[in-house]
2 protein chains.
Amino acid sequence: MNSSTVVKTSFKQQMLKAREVAIIQTVNRLLAEKGFEAMTVDEVAAQVGIAKASLYKHFSSKEDLAAAAMVLVMRRAQEFIQSQPAQATPLEKLRAVVRWTLQVKLAGDMPSLPSQNSTLRATLIANKDYMDGLMDVSDRLGEWIEAAQAEGALNPALPAIAILYTFFARACDPVLEFLKMGGLYQDEQIVDFVLSTCFEGLNAR
Amino acid sequence: MNSSTVVKTSFKQQMLKAREVAIIQTVNRLLAEKGFEAMTVDEVAAQVGIAKASLYKHFSSKEDLAAAAMVLVMRRAQEFIQSQPAQATPLEKLRAVVRWTLQVKLAGDMPSLPSQNSTLRATLIANKDYMDGLMDVSDRLGEWIEAAQAEGALNPALPAIAILYTFFARACDPVLEFLKMGGLYQDEQIVDFVLSTCFEGLNAR
DNA sequence: GTCTATATCCCGATAGAC
DNA sequence: GTCTATCGGGATATAGAC
């Protein structure tokens, strides 16, 4: 194999990789916009600009397609979590992560899972990359939650798992889109409102 | 028309009405369990115990079927709201309504709408009974919210509409099913946790 | 009004030429 | 690997007998 062949192959692979990235981005946006069930493979192919059959050369099923998008978003969450400054308090880090989640959702880049048991669930649970990411995120947030509770920053009367789930639920909070549809508030205001209701609650202080 | 005919007709109508109630209850449960898209008309017919074609004599489409269930749940919400004692404070009434919502959802009787713009949305918006109920619920809760803010019970820095949406969102809060799946807590505890995070927030006080 | 049987359509997935 | 054309399954909705 000469050098020319190597370069050619690498270039080809780069093109393929770029196309896959484009596919995943499209899937990500469509998942965020209409959910897994309502998204059609024809739609994905049309928006990417390739034939449907070509999609199936990259991903073997609609579930795999969605799983790839979920893996990407999970990896992004991991990266954001790891980028938190060490000197920040656990509560500050948790607030930053929730804020990031709300911003991604409001920007239309947070894929939404099917409400309940669907074929996608099984695919995701069987996906090592996704599950590893989910475990890692849960572990890191779980540590911060317990630390924040120990130092009296988060309510110690709540189980840590309930707090963790409450954070996860912000990734599919319909309040964001409701407020955005109303058109009365800027995105940053909306994020601040939801962040406030999440941590400070609705009661006056 | 003699009296016998009248009785017979009335009885027939009662039977039909009873069957429609059975249909709506089945639809309600299925909507809560798997959502509008995943629910099939064949499934509804099978669980009610009649042929699919018979369903279409009562309701002209799958959307109408779901809308009937939504109208019923909205009317139940109206009734619960109206049953609140006059001497209770606005905050107490709001807490009671949110608690009721969480309990209905946890019991598997809260139909869940499609995440976003679907054919069901248009049907619901065109449905006078549903929209009237929604407006009435919004108006009554809105008054209580503003009263609670005025007397310093709810955070006055939040727009009343954001608080209202936050209440509505509890009807599809995934935290409830997450915690229920874990099996560690009783239903009443789960409701208390979510109620606490909703009003008191996650921060320590 | 209720049934069985069927029309019609949509969507995920594949065949096969290039 | 990409395309056009198509299969096969499943879902909504309807026809027509009783």
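Convention: sequence-line order gives letters A, B, ...; per-chain numbering from 1. Values below: all heavy atoms of this structure, side chains included; hydrogens, waters and symmetry mates excluded.
At whole-Å resolution of the value, NZ in B:K62 and C1' in D:dT14 are 17 Å apart. The separation between B:D42 atom CG and D:dG10 atom P is 11 Å, rounded to whole Å. The CE atom of B:M39 sits 19 Å away from the P atom of D:dG10 (whole-angstrom rounding). Regarding A:K52, its NZ atom lies at a distance of 12 Å from the C1' atom of D:dG8, rounded to whole Å. D:dT12 atom P lies 13 Å from atom CG of B:L120, rounded to whole Å. In this structure, B:K57 atom NZ and D:dA13 atom P are separated by 15 Å, rounded to whole Å. To the nearest angstrom, C1' of D:dA13 lies 5 Å from OH of B:Y56. Taking atom CG of residue B:D64 and atom P of nucleotide D:dT14, one finds them 11 Å apart after rounding to whole Å.
For A:F199 and A:F167, the gap between ring centers is short of 6.0 Å.
On the nucleic acid side, DNA chain C has its first and last nucleotide under 4.0 Å of a heavy atom of chain A at C:dC11 to C:dA15, going 5' to 3'.
When heavy atoms are screened at a 4.0 angstrom cut-off, A:S61 is found touching the sugar-phosphate backbone but no base atom. Residue contacts for B:T40: at a heavy-atom cut-off of 4.0 Å it reaches the sugar-phosphate backbone alone, with no base atom in range.
Cation-pi check for A:K62 over A:Y56 is not met; the charged atom does not lie both under 6.0 angstrom from the ring centroid and within 45 degrees of its normal.
A salt bridge is absent between A:R140 and A:E79: the closest approach of a Lys/Arg side-chain nitrogen to an acidic carboxylate oxygen does not fall below 4.0 angstrom. Salt bridge present: A:R99 and A:D192 bring a charged side-chain N and a carboxylate O closer than 4.0 Å.
Within a 6.0 Å radius of CD in B:Q186, no more than 12 heavy atoms belonging to other residues, nucleotides or ligands are found.
Scanning both residues, B:K34 and B:E43, for their nearest heavy atoms gives NZ-OE2, 2.7 Å. Between A:A45 and A:A51, the shortest heavy-atom distance links the atoms CB-C, 4.0 Å.
Map A:V41 and A:A53 each onto its nearest nucleotide of DNA chain C; the residue landing nearer the 5' end is A:V41.
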